[in-house]
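Data first, discussion second: the structure below is written as structure tokens.
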Amino acid sequence: MATCPTCSKSVDEVEDPGAAPYGNFINYYTFNPPENRLSLIPATLLRDLGHNDSREEDTLILDVGCNSGELSVAFYKHVVSDLTPPRRKVHLLGFDLDEKLIRRAQQTSPEHSNITFMHLDITQDTKQLQDYLRQHCCTHFHLCLCLAVTVWVHLNHGDSALLQLLSHLASISKHLLLEAQPWKCYRSAARRLRKLGRSDFDHFKTLKIQGDVAIHLKEHLEKHCGMQLIQSFGSTSWDRQLLLFRRT
């Protein structure tokens, strides 16, 4: 995910593709393929969360910081494979700040009628999300994916922006699937930037939320956002937990 409106270098100009300072990796799914997450998530997830083909309301999925969209498409296929036709009632919206990545996602998505990709910086503008909900006559997304995004918001915008992001996602989502990067990922991201001779992240040295970041975010969601942890799908090969929350 990209979280800064003006990057000093475009995504294609970063010398080390593993050092993208806003999470806008040009080859992200070559080193972290969708299967790393999908192998932990049951194909019955939508049905388990209450979706069925007889409901009148659309089921909406939001993918925060979707990069070039490979995981968005794979996740959509994974969770609708358990449902019987018609599947037109399940829609996925993926967004990212990096325009080049969104254009790539739009060009490669095979499910144009059900999957939409949008250029958006959620730290600056949320109107487009509200417009999307109104278009589908919904007040909330039934499932929000926030996978490997939190570190970039945190490093570039600080503690308060990270908590504001979670609060906003909780306010517009019935369920939230969260994958928070551990603290070692923060140190690795900062180290990569230093190796390139670039400026450190603005907030890295002043962050108060440290250590077990996932625990801090869980506490915020449960104490301040009206959400409850209902399931852990285990940890990915990168030792990151997939935590499912439900609005209470």
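The first residue of the sequence shown is numbered 1, and numbering continues consecutively from there. No experiment lies behind these values; they were computed from the predicted model shown.
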Practice problem: Could you check K208 against D159 for salt bridge (Lys or Arg N to Asp or Glu O under 4.0 Å), going step by step and ending with a plain yes or no? | Solution: CA-CA 7 Å; K208 295 181 180 179; D159 291 323; over 6 Å; no
- prompt: Can you check side-chain contact (heavy atoms from CB on, under 4.5 Å) on M118 and L93, steps first, answer last?
  reply: CA-CA 7 Å; M118 176 187 297; L93 171 64; 3.9 Å; yes
Q.
For L176 and L145: C-alpha separation, side-chain torsions, deciding distance, then whether side-chain contact (heavy atoms from CB on, under 4.5 Å) applies.
A. CA-CA 6 Å; L176 172 64; L145 310 179; over 6 Å; no
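With contacts defined as side-chain heavy-atom distances shorter than 4.5 Å, the pair R192/S188 qualifies. Between L62 and L129 there is a side-chain heavy-atom pair separated by less than 4.5 Å. Residues L242 and R37 form a side-chain contact, since some pair of their non-hydrogen atoms from C-beta on lies under 4.5 Å apart. Residues V64 and C144 form a side-chain contact, since some pair of their non-hydrogen atoms from C-beta on lies under 4.5 Å apart.
Side-chain polar atoms of D63 and S72 form a donor-acceptor pair below 3.5 angstrom.
Every residue meeting the ring-ring contact (aromatic ring centres under 6.0 Å, His included) condition with Y186, not counting sequence neighbours, appears here in chain and number order: H154, W183. Looking at residues two or more places apart in sequence or on another chain, you find a side chain to side chain donor-acceptor pair (under 3.5 Å) between K127 and D131.
Salt-bridge formation is detected for the pair D82/R47: a Lys NZ or Arg NE/NH1/NH2 atom is positioned less than 4.0 Å from an Asp or Glu carboxylate oxygen.
Taking CD of E179 as the start and CD of Q181 as the end, the distance is 6.5 Å to the nearest 0.5 Å. Distance CZ/F95 to SG/C66: 8.0 Å, rounded to 0.5 Å. Note that CG of L243 and SG of C146 are 11.5 Å apart. Values are rounded to the nearest 0.5 Å.
Of the possible donor and acceptor atoms, none in the side chain of Q228 sits under 3.5 Å from a partner among the backbone N and O of R246.
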What donor-acceptor contacts under 3.5 angstrom involve side-chain atoms of residues 163-170, with partners at least two apart or in another chain?
{"from": "S167", "atom 1": "OG", "to": "L163", "atom 2": "O", "distance (Å)": "3.0"}
{"from": "S167", "atom 1": "OG", "to": "H220", "atom 2": "NE2", "distance (Å)": "2.9"}

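Under the 30°/60° scheme for interplanar angles, the aromatic rings of H136 and Y132 are found to be tilted.
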